[in-house]
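Because the structure is a prediction, the values reported are computed rather than measured. Convention: sequence-line order gives letters A, B, ...; per-chain numbering from 1.
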Amino acid sequence: MTRALSFFNDKRVRGVIYQAAVLLGLVGLIVYFVRNASENMMKAGIASGFDFLWRTSGIEVPFVLTGYTQQDDILALFWAGVANTMLVTVIAIVLATLLGFVVGIARLSSHWLLSTLAGAYIEFVRNIPLLFFVLFWYFGVIAALPAPRASISLFGVAFLNNRGLTIPLPDAPANFRWALLAILVSWLAQWVVARWARRRKERTGRDAPVFTIGLVLVILVPILVVTYASLTTRWDVPALRGFNYRGGFVVIPEFVALLAALVTYTAGFIAEIVRGGIQAIPHGQTEAASALGLRPGPILRLVTIPQAMRIMIPPMTNQYLNVLKNSSFGAAIAYPDVVSLFMGSALNNTGQAIEIIAMTLAVYLVIGLAVSAFMNWYNARIALVTR
Amino acid sequence: MSPAAPALTLWRQRLFGSPLTGLVTLALAFCLAWVAIPLIRWALIDATWVGTTRNDCAPGGACWVFVRARFGQFMYGFYPPDERWRVNLAAILFVVAGAAIAFAPQRLRLRLGLAALVALPLLGIWLLAGGLGLRPVETREWGGLMLTVFISIYASLIAIPLGIAFALGRQSELPVIRLISVIFIEFWRGVPIIAVIFLASLLLPLILPGGIGIDRLARAVIGLGFVIAAYMAEAVRGGLQALPAGQREAATALGLNYWKATGLIVLPQALRISLPAMTNEFIALVKNTTLVLVVSILDLLGIAQASLADPNWVGMNMEAYAFSGTIYWLICFALSRWSRHIETSRRR
């Protein structure tokens, strides 16, 4: 009796029993759900399996990057949706980071009016739902733009109207491929130079003008190459014919509205991260750096920013993943992202809810896990090495 | 010297202390005037406040007549006007109960809180949905601000207990429980909320036994509740990790078992630490309730959006957005101030 009691009082035995019970309950629940689902699907006559992916989709998509057409299969529709999601996510991340840094630094400015206005902006966007901004930009701003005939002309080459943004498209993209290659090569060269300079400095203590070289390689070369490419290419500039613009590439209004909403909203959160990151650096750090004779520029570049980055990177990653997830808000204004194309249109056509939901969620989970893994690696690399 | 003079000098110093400062001030003031003056003229000076139809509205200004005419819908959706007192009563009950718990003597507070936690949600559903002597009102007719508040409260009734459970699970020494908690939390945090609302509305009827119809609104609330539970779990985990390990060790040394140590020693302190973070998650929840729009449930933003289609009130986009946006902003701003207040008052 006492032995049996002490057996069940053993912490390890109890742990095993608890865990077995929880696992059993969970498996039972899942089996119960799966059985209900298969029964319900049988009754409703819904097929299962992934065969539907190779059926012709027949769904028209107004904004395609992958070359998808109505005659392609549903899998191609899925990839078209993923491409659209990625496009708006990447552009929104870049623009929101820029705007967020500007607002965050303005918030820290010693200029009273500047920092107050930045603060007002942050408090404004953070306390309003993102869906509000999406609808506002789409139905409030873009819909209120003039018709194509009275478009707002941007330098005579791009035209903004209530049917979207019409931008010129190069006729021969070959030059741009070379330009892209040249940019990648020059960025690689900068990486090699920086590595070499660091090694040499560790060995000999001599400085190399890495910053100046970097300025040339990272910024000047791309600008020159792109300028050259765009000057030597013939451009398909949009022109007004009848009631709308012909030629060029039409960025649909849904994209413009979703991008504007994502950028303005996310910038408010990034600004707070930037402010927090910079404020977290103890004042003694900058004082010590200037006591060592560093000028304000190098102090910012060598002392403040590297330390602030370390604090900012984890929340920043979170924000970037939020942008990815929030790009699905486009479904509310029918921007053809993966949620609205696949979980909306394709699901309506095929009725295969479980497969389609699983694939859609997998897109976000896979990207999320990949980004988290990369960020963990990066974080470990730049983390403070103690002892 | 008048008392205003030092203040004036201070402001001159702040805004025009150096040539560069002055230049920035002028540029910003110009931008501000460029945005704010037309806005104020539109919203206040040129606006129409009284009237009954669209014809009463002056051109060029905001037409707040529109908001007045539709105020009932913005607040209650399509809830039958004769029954709206029930919504008001439910709201008053929640507020009074909250105040009673907050001001109750310490020894009664826990019991009162638990009683309210069990009784109020049921009472609220009864008042809103009807039945048992009250006229039934289908959830299809609910809408507006009332629905925003309803979804926020009921989703957090799912999210907070689940979140606490999974936060404890993630800290558990038992590997299987820890793994299940981590998978639950990371899964729901990794997927977009809009997809979860779709998922809940499509999958919940599928995985329940045939014949059990589950209400459209209930599906959305359950879906939101699960996602927010994962975020709440992370907020609670912050509090659990901030608590010194000595607290649990001391409780165990005094002979308390896991549940007693957790319930009496660890959680009360950890929850107090994570209250600001949990409030922030609640703010996110309030903002995310707007997403029920995608399954055609019309909360405040949805009603505002739907009102744009009214042929009698064409072109009221800006008024509808300004009104609904202001209400969201006031709610979220007040909550975030409160969260910041508890955070700073603790630090002192």
Side-chain angles (χ1 to χ4, degrees), chain A residues 11 15-16 18-20 22-23 26 32-37 39-41 43-44 46 109-114 117 123-124 126-133 135-136 139-140 143-144 321 324-332 339 343-344 347 353-354 356-357 360-361 364-365 367-369 372, chain B residues 11 14-15 17 20-21 24-25 28-29 31-32 169 172-177 180 186-187 189-196 198-199 202-203 205-210 212 283 286-291 293-294 301 304-305 308 317-318 320-321 324-326 328-336:
Chain A
K11 212 175 156 193
V16 171
Y18 279 143
Q19 297 187 76
V22 168
L23 208 60
L26 194 68
Y32 175 69
F33 285 156
V34 169
R35 278 185 55 183
N36 283 335
E39 216 167 275
N40 285 333
M41 275 159 64
K43 258 186 237 159
I46 302 171
S109 156
S110 57
H111 192 285
W112 177 83
L113 190 57
L114 188 61
L117 282 179
E123 288 293 352
F124 175 71
R126 281 170 63 101
N127 288 314
I128 286 181
L130 173 59
L131 189 65
F132 173 90
F133 286 111
L135 295 177
F136 175 79
F139 294 102
L321 288 177
L324 170 71
K325 287 184 279 172
N326 287 342
S327 67
S328 63
F329 279 57
V339 168
M343 228 169 166
L347 204 156
I354 294 179
I356 286 183
I357 289 174
T360 315
L361 296 189
Y364 293 95
L365 289 174
I367 298 175
L369 285 179
S372 302
Chain B
W11 280 103
R14 259 187 196 168
L15 296 176
L20 184 67
T21 314
V24 174
T25 304
L28 286 174
C31 291
L32 192 64
S172 166
E173 290 169 7
L174 309 174
V176 174
I177 304 218
I180 293 173
E186 295 306 328
F187 176 81
R189 268 160 45 95
V191 295
I193 297 186
I194 217 166
V196 174
F198 271 129
L199 176 148
L202 291 166
L203 282 195
L206 209 58
I207 58 171
L208 291 176
I212 298 187
I283 297 173
V286 172
K287 293 197 286 180
N288 282 323
T289 54
T290 52
L291 290 173
L293 180 74
V294 296
L301 186 62
Q305 186 63 32
L308 304 183
N317 297 20
M318 285 302 165
Y321 287 133
S324 57
T326 308
Y328 278 112
W329 189 83
L330 287 175
I331 295 174
C332 296
F333 183 71
L335 283 170
S336 74

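- For A:Glu39, no part sits under 4.5 Å from any heavy atom of chain B, backbone or side chain.
- Of the possible polar contacts, none joining the A:Asn127 side chain to the B:Trp329 backbone as a donor-acceptor pair under 3.5 Å is found.
- At a 4.5 Å heavy-atom cutoff, A:Thr360 makes no contact with chain B through either its backbone or its side chain.
- For A:Leu369, no part lies near chain B; criterion is any non-hydrogen pair under 4.5 Å.
- Taking all atoms of both residues into account, the shortest heavy-atom contact from B:Leu174 to A:Tyr18 is CD1-CB, 4.2 Å.
- Between B:Lys287 and A:Pro129 the shortest heavy-atom distance is O-CB, 3.5 Å.
- Put simply, CG on A:Asn326 and CD1 on B:Ile193 are 8.0 Å apart, with the number rounded to the nearest 0.5 Å.
- With sequence neighbours left out, the side chain to side chain contact (heavy atoms under 4.5 Å, CB included) criterion links B:Leu15 to A:Trp112, A:Leu113, B:Trp11, B:Thr25.
- No part of A:Phe133 comes within reach of chain B, as not one of its non-hydrogen atoms sits under 4.5 angstrom from that chain.
- Taking CD1 of B:Ile283 as the reference point, atom CZ of A:Arg126 lies at 8.5 Å (rounded to 0.5 Å).
- The contact between A:Leu26 and chain B is made entirely by side chain atoms (from C-beta outward), counting heavy-atom distances below 4.5 Å.
- The line from CD of A:Gln19 to CD of B:Glu173 is 10.5 Å long, rounded to the nearest 0.5 Å.
- Contact detail for B:Ala195 and A:Met343: the closest heavy-atom pair is O-CE, 3.3 Å.
- Atom CD of residue B:Gln305 and atom CZ of residue A:Phe132 lie 10.5 Å apart, to the nearest 0.5 angstrom.
- Counting heavy atoms from C-beta outward, B:Thr290 and A:Leu135 have side chains that stay 4.5 Å or more apart.
- Side-chain contact check for A:Val22 versus B:Val176: every heavy-atom pair is 4.5 Å or farther apart.
- When heavy atoms are compared at a cutoff of 4.5 Å, A:Leu117 approaches chain B solely by way of its side chain, counted from C-beta outward.
- For the pair A:Tyr364 and B:Val191, the tightest heavy-atom approach, listed with the atom from each and the gap, is CB-CA, 4.5 Å.
- Listed here is the closest heavy atom pair of B:Asn317 and A:Phe139: ND2-O, 2.9 Å.
- Under the 4.5 Å side-chain criterion, counting only non-hydrogen atoms from C-beta, A:Leu23 is in contact with B:Ile180.
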